Structures are given as structure tokens and as C-alpha cells.
Number of protein chains: 2
Amino acid sequence: MRSEDIAKLAGVSRSTVSRVINNYANVPEATKAKVLRIIEQYQYEPNSFARALAGKRTDTIGLFAISMNERENASRIYQNSYFGPIVDLVVDTANSLGYYVLIHTVYSPGDFQKIKQAYQQKRIDGGILVGTQKDSELVREMVGQEAPLVLIDYDISEIMAERLNKNHLAVINSMDYEGTVHAIEYLIGLGHRSIGIMKGRMSTFSGRERYVAYEDTLRKHGLPLQEEFILEGDFLKETAYQEAERLAVSGIWPTALFCCNDDMAISAMEAFTAHDIRIPDDLSVVGFDDVELAGRMNPKLTSVKLPIHEMATAAVEKVIALCNAEESAFSTLSFPTALIVRESCRELKEHE
Amino acid sequence: MRSEDIAKLAGVSRSTVSRVINNYANVPEATKAKVLRIIEQYQYEPNSFARALAGKRTDTIGLFAISMNERENASRIYQNSYFGPIVDLVVDTANSLGYYVLIHTVYSPGDFQKIKQAYQQKRIDGGILVGTQKDSELVREMVGQEAPLVLIDYDISEIMAERLNKNHLAVINSMDYEGTVHAIEYLIGLGHRSIGIMKGRMSTFSGRERYVAYEDTLRKHGLPLQEEFILEGDFLKETAYQEAERLAVSGIWPTALFCCNDDMAISAMEAFTAHDIRIPDDLSVVGFDDVELAGRMNPKLTSVKLPIHEMATAAVEKVIALCNAEESAFSTLSFPTALIVRESCRELKEHE
DNA sequence: CTGAAAGCGCTTACAG
DNA sequence: CTGAAAGCGCTTACAG
């Protein structure tokens with residue numbers, strides 16, 4: 001069934017059929033109704049490729065999850081508590097707005113090609129980029145393509161430094177700096193003076209923000225930065241486990257440990273527990289993200305909640321707005337975090 | 001940059017360019033190399049829509065997650081521990097095989113349209129259907145379309161009953177019956193005689209299988225089916241919580257409860273704990289699926305592991321084989337489950 | 001208000 | 001081995 005067939009059946013031309021499908025103004029109600037009836041009756045659907053080829057939208061957005069460091073694992077984004085929800089949320093939001101979503105994960109530099117191809121082959125109207133390793137070069141290239149693009153978790157200053165037209169670009173962030181300050185000051189308020197950190201991946205905007213906020217806050221409160229309590233977790237479960245174990249074995253540790261994401265916090269707690277370091281009695285732990293597991297484990301993890309729902313929703317709305325040229329200015333949105341206090345931190349007594 | 005441009009640059013015709021892109025046999029190496037060099041140099045990518053329109057593959061598969069009962073929630077598949085991993089695994093597998101994946105969730109009968117459209121508009125080469133409510137009518141309709149289709153968790157006998165050509169169809173299941181028998185017999189082996197069940201959604205193949213296996217096994221071992229210990233959890237967390245709470249309040253409960261998925265098992269445990277019923281001291285619990293949380297909670301949940309990784313991978317491989325017409329017979333694959341014993345069940349003493 | 005025609009960028013018989 | 005041409009199914013100026 002092609003538009004030609006519908007045209008014949010309705011006694012009009014293909015042009016008219018196309019006009020009613022695309023809801024043009026200058027079609028009389030009667031003609032419109034007639035055509036619509038036939039379309040309905042035969043359950044006709046215009047071929048999306050032909051439409052796209054003739055210059056129409058594809059009604060699909062791309063979602064690209066970049067996870068360069070986790071190549072080895074068989075199931076990869078799957079292993080990460082951060083991507084799963086983002087993917088699901090983006091799909092749900094886009095679908096409910098009438099868009100399909102085309103997904104591709106990238107684990108190696110070569111996979112980047114797939115992103116470019118999706119744009120060049122015109123498979124999508126616009127795209128969303130999440131994940132680590134969104135290096136400037138890639139972004140510059142994408143921005144150069146003039147296709148709608150939304151970046152989640154990206155350093156705005158890096159973009160501002162580029163001399164490009166970025167009217168089809170938007171950036172969505174969470175207020176990680178503030179969230180981290182909040183968490184550290186909460187620990188300080190509980191009486192902690194010796195606070196360590198399990199760092200995230202520093203190639204990431206959020207990884208850097210969280211670390212800098214940690215340093216700033218300690219400094220602001222006149223607390224020392226202790227090299228030996230700065231662990232390199234890289235946002236990864238396994239790495240965090242090893243780092244925590246190393247600390248446990250060393251025999252000395254801080255009274256509190258701020259972890260730059262929950263995956264690492266949870267792994268660290270497992271490592272500590274395995275070495276008979278009790279949480280929160282012997283060590284207080286705070287995480288970041290507030291994944292589902294945080295509220296279900298034992299002890300329940302105190303964590304900074306990432307506004308992941310808002311971020312994913314906003315990302316979808318932004319690309320769509322950009323695709324429809326409803327918006328044409330570079331925009332940036334940052335959503336607030338919230339400290340969710342649970343059971344993994346304890347108050348230090350005066351003399352401790 | 002179009003194939004025409006490449007042709008000019010290479011000093012050949014569009015036909016030849018097309019032939020080298022599609023790797024036709026009858027192009028001399030020299031010509032091929034020349035064309036390839038230009039393509040490489042200009043980073044040319046053929047327009048995917050034009051190709052598809054001219055009869056080529058789209059190189060994308062559809063993934064449709066059906067979740068009709070969970071309409072209300074803001075973030076829906078997201079809430080379900082089953083879909084997330086499937087989505088991620090399918091995307092990962094398909095991507096690594098060079099396919100894009102187009103995702104759409106369906107929450108209402110109207111959303112079904114989207115699935116049909118994706119096929120009719122030729123957006124995908126083939127598709128995978130997961131989730132509940134895969135009613136015969138839908139399947140009949142899809143099978144009628146002659147497009148490659150893989151069904152995950154579906155009753156084969158229902159398909160066999162249809163008088164359709166199903167050479168573009170495949171079904172992927174897990175051996176839930178055996179898995180359930182295994183779990184129930186494990187409980188019986190621990191000395192349990194009073195075993196309840198938290199049922200899944202009965203509109204689902206796996207929901208029915210697990211329930212039937214439960215009944216059969218009790219019967220086989222001469223144990224009574226106690227109406228009051230048969231709970232309707234519907235595979236949903238909230239429903240399961242309420243049902244468990246109802247049981248707790250009633251004052252009498254079985255010595256063991258088999259839950260048809262982990263989401264329900266975990267919620268039930270929370271409800272019991274809230275009512276001072278200790279797991280496993282006062283009540284043993286077994287789940288199904290073996291989601292990540294199962295091994296991380298306290299006490300750790302004993303559960304039947306769903307071969308979700310194998311299922312997702314097989315589903316992708318099947319659709320692709322079907323798309324490439326490498327396979328043309330109706331096929332069905334069923335993967336084994338495994339009982340993962342942890343801490344949520346205890347042995348009953350002789351006199352209990 | 002509406003139809004005939006050109007065009008979107010490919011692929012693939014058809015000739016040669 | 002390779003080019004000219006038709007065709008895939010739409011949309012959209014262009015005329016009228």
C-alpha cells in the first residue's frame with residue numbers, strides 16, 4: 001500500500017494525500033475526511049524512508065552511551081548502575097512524545113564512527129550523548145555537523161572555549177559541586193575531621209567536580225588533605241574494591257569516606273566488611289547517585305541523590321525542541337542534588 | 001556528498017560506486033581500490049534511507065518491551081528489574097554485530113500501533129518482543145506480516161495452534177518449569193511441608209509455568225495445596241508487598257514461600273521484616289530471576305537464576321539470522337536455569 | 001484548492 | 001566489466 005494507492009481509492013492525487021498526511025492548511029475538510037477514511041480503512045502507513053529521503057523528519061533520536069573503560073566485560077552498560085536508568089528513562093520519555101530511539105553504545109574509539117554514521121546516514125534527527133570520555137575533539141566534530149545534540153554531564157567552559165556555532169547544542173548537568181559540599185559538610189557536622197575520598201574518573205566532568213568540591217570543602221573548614229586517604233576508584237566497582245581493600249590492609253583509615261558514586265561506595269563497604277571494618281561503627285561512608293540498591297542494602301547507604309529522572313527527561317525534551325527548531329540558542333540546564341541520609345554514617349563523640 | 005560525487009571524483013559511474021560499496025564480485029581490484037580511496041578520503045557514508053528505499057537492509061532491529069500493567073508509574077520499565085538488563089544486553093549484542101537497535105516500550109493497547117508501524121514503515125529489518133501480554137491476536141498479526149520476529153517468553157503451543165507460515169519466527173524461553181521444580185524440591189529437602197507461593201502474572205508464559213510447576217511438585221510429593229498461602233503478586237513489587245503484609249497480619253503463614261520473581265520476593269521480605277517475621281528463622285523465602293540485588297541484600301536471597309544473558313544474546317542472533325535469511329525454519333530455544341542457594345532459607349528440624 | 005512533475009540518494013536489472 | 005535508466009515511495013515548489 002503506497003500513497004499512490006490511497007490516492008486512487010480516494011479519487012485524488014498523491015499530492016493531496018501527502019497534504020492531508022502532513023496536515024497542510026489548504027485542504028478542505030471534505031477532501032481531508034475522505035482521504036483519512038481510506039487511510040484508516042487500509043491502515044496505511046507512509047514509508048518512513050521515503051519520507052525522510054524527501055526531506056521529512058525521521059522522528060527518531062539517537063542515544064549514545066560512551067563507556068570506554070569497561071571494554072572487557074561481556075555485558076557492559078548493564079554492569080553500570082548509572083546507564084541503565086538513563087537508557088530506560090530516555091526511551092520512555094521519547095516514546096511517550098512520539099519518537100523512536102536508536103541506541104548505540106561505544107566502548108572503543110572505533111565505535112565513535114557509529115555515532116557519526118548515524119548522523120551522516122540521516123538515521124536520526126538529533127542525539128543525546130552520555131558517559132565518560134566525551135573529549136573535546138569528538139564534541140567539536142559533532143558540533144561541526146550542525147545536527148541537534150544534547151550532552152549530559154559536560155563541562156560548559158570547554159564548549160565556550162570553542163569558536164563554533166552551537167545553536168543546535170544543549171548541555172544537561174547536575175549540581176554535583178553543591179551536592180558534594182553538602183555531603184562533606186554533613187560529615188563534618190557529625191564530627192569527622194579525617195575524611196577520605198574514593199575518586200571517580202577524572203576524565204569526566206562529574207568526576208572532576210566532585211573531587212574539586214571535596215578539596216575545597218576540606219580546605220574551607222581547615223581540614224587536612226591526607227594523600228593516603230585519596231583513593232582512585234575510577235567510578236568502577238572492581239577498582240574501588242581493590243582500593244578499599246588496600247586501605248583496610250594498611251591498618252589506618254579515615255573516620256569517614258566519601259565515594260564519588262554508589263557503585264564504588266557499595267563495593268568499598270563490601271571490602272571493608274570482609275576485613276572486619278564495620279560500617280558505620282568503624283567507618284562512615286557516603287555515596288553519590290542514590291541508586292536503588294542504596295536504600296535496600298544493609299546498612300542503608302547515605303547518598304547524594306542524582307536528579308537522573310529530571311536530567312533524562314530534560315535531555316529528551318531539549319533534543320526534540322532542537323530538532324523542531326523551536327529553540328535555536330545554546331542552552332544549559334543544571335538540576336539540584338539532594339543528600340539522602342540513611343544509616344551508613346555515625347556521629348563522632350567529642351573525645352574520638 | 002552523494003554517491004554521484006564519489007563517482008565523479010573516481011571517474012566512474014554511480015553504478016560502480018554502488019557495486020563496490022555493496023561488495024559485488026565483478027569489480028576489478030584496481031577500480032575498487034580507486035573508489036574506496038575516494039570514499040575513505042571524503043568519509044562518505046551512503047544515505048541509509050535511500051539505500052533502504054532502494055531495497056536494502058536497514059541494519060537495525062527493533063526491541064519492543066511490553067509492560068501493560070505498569071502504566072501509572074512515571075518511570076516504568078525502569079522500575080522493573082527484568083527489562084533493564086534485557087534492554088542493555090540486547091543493545092550491546094546487536095551493536096557489536098553491527099546493528100542499531102530501535103527501542104519502543106508499550107504500555108497501552110494503543111502503543112501496539114508503534115510496533116506495527118515500525119515494521120510497516122520499514123524502519124527495522126526484524127524485531128524482538130519481550131514482556132507480558134503478548135496475546136495471540138498480536139502475535140498472529142505480527143506473524144502475518146512476514147517480517148522476522150523473535151518472541152521471548154512465549155508459549156509455543158499457542159503458536160503451533162495457528163495455521164500460519166511461521167518461517168520468520170523464533171521463540172526464546174528459559175526452562176522455568178524445571179527451575180521451579182528445583183526450587184520447591186530444595187525446600188522440601190530442607191524439611192518444609194507448608195510451602196506457599198507468590199504468583200506472577202498469569203497472562204505470561206513464565207507466570208503460568210512457574211505456577212503449574214509449583215502445583216505439580218507439591219502434588220507429586222503428596223503435599224497439600226493451601227489456598228490461603230497462594231498469593232497474587234502479579235510480578236509487581238507493590239502488589240507483593242501488600243499480599244505479604246496481609247499474610248503477616250493474618251497471623252498464620254507457611255514455613256516457606258516461593259516467589260515467582262525476585263522483585264516480589266524482596267518486597268515480601270521487606271513486608272515480613274516490618275512485621276517482625278524474621279527471614280529465614282520464621283519463614284524461608286526463595287525468589288526467581290536472580291537479579292543483582294539478590295546477592296547484595298541481607299539476608300542474601302536464594303533464587304532461581306534466569307539465563308537472561310543467554311536469552312538476550314540468542315534473541316539478537318536469531319533475528320539477525322532471520323533477517324539475512326540464513327535461517328528459514330521456525331525455531332525455538334530454551335535455556336536452563338540454576339538454583340543459587342544463599343541465606344534466605346533454613347532447614348527445619350524433625351519436630352518442627 | 002489541486003494535479004503533474006521534479007527531486008531526494010540509492011540499487012539493480014538491462015544492454016552492451 | 002560498466003554505464004544509462006528505471007524505480008523505490010514520498011514531498012514540495014510550480015502552475016493553473
Side-chain angles (χ1 to χ4, degrees), chain A residues 1-36 38-39 42-60 117-125 147 323-325, chain B residues 1-36 38-39 42-60 117-125 147 323-325:
Chain A
M1 182 111 310
R2 300 155 309 144
S3 70
E4 173 106 49
D5 304 316
I6 297 294
K8 249 174 219 146
L9 258 8
V12 297
S13 72
R14 263 147 73 215
S15 315
T16 300
V17 171
S18 178
R19 286 189 189 99
V20 349
I21 287 174
N22 292 298
N23 227 279
Y24 279 37
N26 51 357
V27 181
E29 280 308 323
T31 318
K32 194 167 178 172
K34 189 170 56 180
V35 174
L36 248 19
I38 305 286
I39 288 181
Y42 290 85
Q43 298 248 58
Y44 165 72
E45 289 293 339
N47 179 307
S48 61
F49 291 163
R51 299 191 82 186
L53 191 55
K56 281 291 184 187
R57 290 271 122 70
T58 64
D59 295 331
T60 114
Q117 281 180 22
Y119 273 101
Q120 291 177 174
Q121 297 180 342
K122 299 275 191 320
R123 289 174 182 271
I124 54 177
D125 294 336
C323 291
N324 297 332
Chain B
M1 181 108 315
R2 299 155 309 142
S3 70
E4 173 107 48
D5 304 318
I6 298 294
K8 249 172 219 145
L9 258 9
V12 297
S13 72
R14 262 147 74 216
S15 316
T16 299
V17 171
S18 179
R19 286 191 189 98
V20 349
I21 287 174
N22 292 297
N23 227 277
Y24 279 36
N26 51 358
V27 180
E29 279 310 322
T31 318
K32 194 167 178 173
K34 188 170 57 182
V35 174
L36 248 20
I38 305 286
I39 288 181
Y42 290 85
Q43 298 248 56
Y44 164 72
E45 289 292 340
N47 180 309
S48 61
F49 291 163
R51 298 191 83 187
L53 190 56
K56 280 292 184 187
R57 291 273 123 70
T58 63
D59 294 332
T60 114
Q117 281 180 23
Y119 274 102
Q120 291 176 175
Q121 298 179 343
K122 299 277 190 328
R123 288 174 183 271
I124 53 177
D125 294 335
C323 291
N324 296 332

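Order of the sequence lines sets the chain letters (A, B, ...), proteins ahead of strands, with each chain counted from 1. These figures come from a predicted structure and were not determined experimentally.
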Requested in this report: Can you measure from CG (B/Leu36) to CD1 (B/Ile6) and round to the nearest 0.5 angstrom?
Outcome: 10.5 Å
Report task. Report which part of the nucleic acid B/Ser15 touches: base, sugar-phosphate, or nothing (heavy-atom distance under 4.0 Å, all strands). Result -> base
Report task. For B/Arg14 and B/Ser3, work out which heavy atoms get closest and say how close. Result -> CG-OG, 3.4 Å
Query raised in the report: Is the closest basic N to carboxylate O distance between B/Arg2 and B/Asp5 below 4.0 Å?
Result: yes
Report task. Please work out if B/Ser3 contacts a base, only the sugar-phosphate, or nothing of the nucleic acid, heavy-atom cut-off 4.0 Å. Result -> sugar-phosphate
Requested in this report: Could you tell me from which nucleotide to which nucleotide of DNA chain C, 5' to 3', there is an atom under 4.0 Å from chain B heavy atoms?
Outcome: C/dG9 to C/dA13
Query raised in the report: Looking only at heavy atoms, which two atoms of B/Ala7 and B/Ser13 are closest? And how far apart?
Result: CB-C, 3.6 Å
Report summary line: Ranking B/Asn47 and B/Arg19 by the position along DNA chain C of their nearest nucleotide, the one closer to 5' is B/Asn47
Report summary line: Here the pair of heavy atoms bringing B/Thr60 nearest to A/Arg123 is CG2-NH1, 3.1 Å
Report summary line: For A/Asp59 and A/Asp125 the tightest heavy-atom approach is N-OD2, 2.9 Å
**Report entry** Involving DNA chain C, stems made of at least three consecutive Watson-Crick or G-U pairs, both distances under 3.5 Å
**Finding:** C:1-3 with D:14-16, C:5-12 with D:5-12, C:14-16 with D:1-3
Query raised in the report: When the nearest nucleotide of DNA chain D is assigned to B/Val27 and to B/Leu53 on a heavy-atom basis, which residue is associated with the more 5' position?
Result: B/Val27
Query raised in the report: How would you label the contact of A/Thr31 with the nucleic acid (heavy atoms, under 4.0 Å): base, sugar-phosphate, or nothing?
Result: sugar-phosphate
Query raised in the report: If you measure from CD1 on B/Ile38 to CG on B/Leu9, what distance do you get to the nearest 0.5 Å?
Result: 5.0 Å
Quick one: side chains of residues 19-32 of chain A, donor-acceptor pairs under 3.5 Å with protein atoms, not counting sequence neighbours, listed by atom name and distance.
residue : atom : partner : partner atom : Å
A/Asn22 : OD1  : A/Arg51 : NH2          : 2.5
A/Asn22 : ND2  : A/Ser18 : O            : 3.0
A/Asn22 : ND2  : A/Ser18 : OG           : 3.4

